Structures are given as structure tokens and as C-alpha cells.
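Structure record follows, encoded as C-alpha cells.
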There are 2 protein chains.
Amino acid sequence: MNVMNDSPRRKELTRQAAQLFVQEGFDRTTVRMLAQEMGIKSGSLFHHFRDKQEILAAVIEEGTQNALAIARETLQQCDNTPEARLHAMARAHLETLLTDRNAHVVALYEWRRLDTAARDHLSHLRDAYEALWEEVIDEALAAGLIHGDRFLVSRFVMGALNWTVRWYDPSGARSPDDLARELVAMISRPAT
Amino acid sequence: MNVMNDSPRRKELTRQAAQLFVQEGFDRTTVRMLAQEMGIKSGSLFHHFRDKQEILAAVIEEGTQNALAIARETLQQCDNTPEARLHAMARAHLETLLTDRNAHVVALYEWRRLDTAARDHLSHLRDAYEALWEEVIDEALAAGLIHGDRFLVSRFVMGALNWTVRWYDPSGARSPDDLARELVAMISRPAT
DNA sequence: GGGTCAACCAAGCAAGCGCTAGTGTAAACG
DNA sequence: CGTTTACACTAGCGCTTGCTTGGTTGACCC
């Protein structure tokens, strides 16, 4: 009947679905709304995706993979000090909100709508991303840059960053780099 | 046809609705599910609430009012140092997650489902709560306890705290007081 | 003991939902 | 050329949704 590959057409449809999911939320977005946004009829949608759930999974996979890629790349390019790496991770996180905002927001806020199968598959991706964070935070703790419980600090930091999607205006005066610097400064002890 | 007062019966129904809204999300919670949880038939529900939206508004109003009350009380009882007040606000925030978790979580995560009328009415409550935070953070900044941009610091702190609903286990080893202490320690410069 | 009233029920309507079945079409392939 | 493949269409099925209607119950009141 249909396929579940990753054709370029499907990539584009996924991008448009992400936009609607952010605007309306997954549950409120109907297949008819999705189809209209994509310029096709609702029936044609199921040629590209097995069901509505699979569209959500595709959006989240795309968003998480993108965040992971940006984070890895940024980490490789920055200086090798704990402070620079912490700053780089924060900046990478905020930059995905610029370049790929919709998919990233959906990954954060519609995770619970995934069925168990999709959640199992995607949680590996998410774990890989969070592992990057814990690694960088461990380094910062070991270097005495920040203090406290490893688990709590990483949760607090990720909370502060994930919450930015609620108030951060990418077209405003503050750049991702500004925010990252401010966050790192807030939690760092004055060094050397 | 019905009423929109705040009878004791309605209070109880609101509490039960909050539970379902947290479990399933607002959109996935049907009026039939709500009615069954309340031990009545779905039609009877509309004797107490004008429509489904009004149930959500009632839950959120209750949750925000509770958080505001706890915060004000905790602030009055604590010492008058900036550090104690900052710690008190963080602890109050986390304690509402213990005593009134459901309503509080709904207020945070289903806000967008409110229609404009309800949102206008409830945003005053929310502003009052956030104003408390900004006041306490201003004091901490003025005293040199923390450093940075007033707007950004308060957003980061509220983000870290609001995110706790995703991972905090009230039955675990850490008390709200522990978490509050850790958070304040993380962002404070060593004093005196 | 008739009147009032909040609380609830049974039954169902109109609209919208995700999804399917069967078909058309134009390009790509051998 | 005939066959395959990718993509889209029309039409609608079976079900659920939020909500309405008209009526019943039992406690309380003077």
C-alpha cells in the first residue's frame, strides 16, 4: 500500500508537519489539516506515512538527530577547556532553536504522545544527547568550575535551557551565544 | 441550565479532573473519561461546568492560586536575608509539586489550550506569581549573592524549577528542601 | 405536603475523527 | 511497447467527540 522509507518528499512533509504540531499540538492537528498544509488530500498522506503516529515519530527523530549533530560538531570545534565546552553545549542547544525550532519543540513537548514502540526506538537518540551533557558537566565539576550534585546540576541546566523555548525570541536582541555565556556565568564559580 | 459558582462539589470534581489532565493531557481526556472518574454520567458534567474548557480553567486557577498562597506564606515565615528568601521561594515552588502536583502541572503544560478569554483572566494570577520571583531575585542581585541579567536569571531559575516536574520523584530520597538548597548553591557566589 | 432546587440520568444529535479501498496518471524502466 | 513505480485522487466507513434535551430523584423549607 505504501512505504516507510526516507524519500526527499517525506523529509519535506515532515518539516511541514512539525510546524503544525508546534502551532496546534499533536492531538489538535488533524490529518486533514496536515494534508492541506502539504497541498494534498488527506488520503494521500498515508502513502508516505503508515499512520499519524509515524508522522510524529519522524518529526521527533529528525529534531533529535539534528540537535545531536549540532552539539557534536560544536564540541569538536571549541577549545578543550571545561568552560569552553560547557559554553559550547549551551550555545549548540540554543542554536537548534534557531535553525530547527519546530522539530526541536515537538521533541520536547509531544514525547508522551509516542506509542511504546516509537518511544523505545527514539529514546536511544535522546540518551545519546543527554550523555553529551553529562560528560561536559562531569568535566566542569572535576575542574572545580561548578559545584554540586552531578545529577541535579545537569537536570537544572537542561531545565533552564529547555524552558527557553517558552520565552526566547530569536529575532530579539540576544543571540544564542549571549544566553549561553550568561548561563555559564550564572552557575560558575569565579576561577583562577 | 447550570451554574458556574464554586460549590464544594465543583472543587472536588476539579481536583479529579486535574489528575486526568496530567495523566492523559487535556486534548486526550474526553468528557466521558472525566465523568467516569467522577462517578457520574457525561451529561451531568455540564451541570457543573459550562463546557470542557471551563474545567481546564478551573483546574489552572486552583493550581496557580495555591502556588501563590504557598509562596507568600513561605516568604513571610523565613528569615529576611536575600539568600533565605531565595531558598524559600525555590522550596515553596517544589512543595506545591508535592501537595498539589496535578493542578500545578496542568497550569504549566496545558496553558495553551485555554481560550483567549480564560487566558486573559488567569494571566493576572500568573503575573502575580512571577512578580514574587522577580522581587526575590532583584534582592539577591542587589546583595551580590548572584550576578547577571535580571531578566535572564529569573527565566533560567524558573526554567530549572519548572522542569523538575519531568524528573522529580517526591517519594525519592531528595526533599524539596534539598533541591532548593542545591539550586541556590549552584547559582550563588561564595559569600562573606 | 406542595414547592424549590441542586444533582443526576438516558438518549441521542451533528460534526469531526483516523484511516481504507479502489482508481487515475504520468514518468521511468526493460 | 508493456510493465512497474510513485504519487495523488474520490468517496466514505465506522467510530468518537463535545454537548443538548427533557425528565427523574431526593433532600430541605415553610
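Below, chains carry the letters A, B, ... as their sequence lines are ordered, and counting in each starts from 1. Nothing here was measured: the structure is a model prediction, and the numbers come from that model.
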Pairs satisfying ring-ring contact (aromatic ring centres under 6.0 Å, His included), at least one member in residues 50-85 of chain B, at least two apart | none
Rounded to the Å, how far apart are A:Phe49 CZ and C:dT20 C1'?
-> 18 Å
Establish, yes or no, whether the cationic atom of B:Lys52 lies under 6.0 Å from the six-membered ring centre of B:Phe26 and within 45° of the ring axis.
-> yes
What is the distance from NZ of A:Lys52 to P of C:dT20, rounded to the nearest Å?
-> 14 Å
Given atom CG of B:Asp115 and atom C1' of D:dG18, what is their separation to the nearest angstrom?
-> 15 Å
How long is the line joining CE of A:Met38 and C1' of D:dA8, in whole Å?
-> 14 Å
Would you indicate, yes or no, if D:dA8 has its OP1 or OP2 atom less than 4.0 angstrom from a side-chain nitrogen or oxygen of A:His48?
-> yes
Atom-to-atom span, CG of B:Leu34 to P of C:dC8 - whole angstrom = 14 Å
Give me the ring orientation class for A:Trp167 and B:Phe151: parallel if the planes are under 30° apart, tilted from 30 to 60°, perpendicular past 60°.
-> perpendicular
Would you say B:Trp111 and B:Arg126 make side-chain contact, with heavy atoms under 4.5 Å?
-> yes
Qualifying residues under salt bridge (charged side-chain N to carboxylate O under 4.0 Å, His left out), relative to A:Arg166, sequence neighbours excluded = none
Measure the shortest side-chain to side-chain distance between A:Thr64 and A:Leu122 over non-hydrogen atoms and say whether it is less than 4.5 angstrom.
-> no
Going by the angle between their ring planes, with limits at 30° and 60°, are A:Trp133 and A:His93 parallel, tilted or perpendicular?
-> perpendicular
Contact under 4.0 Å: A:His47 side-chain N or O vs D:dA8 OP1/OP2 | no
Quick tally for nucleotides 10-15 of chain D: nucleotides whose base has a protein heavy atom under 4.0 Å get B, sugar-phosphate-only ones S, the rest -, giving B-B---
Quick one: A:Glu54 CD to C:dG18 P, roughly how many Å, whole number?
-> 16 Å
Counting side-chain heavy atoms from CB outward, which of D:dG18, C:dT20, C:dC8 is closest to B:Ile40?
-> C:dC8
Ignoring backbone atoms, test whether B:Arg9 places a side-chain nitrogen or oxygen under 4.0 Å from the OP1 or OP2 oxygen of C:dC8.
-> yes
Separation of D:dT16 P from B:Asp27 CG (nearest whole Å) = 18 Å
Grab the CZ-C1' distance between A:Arg10 and D:dA6 for me, whole Å please.
-> 15 Å
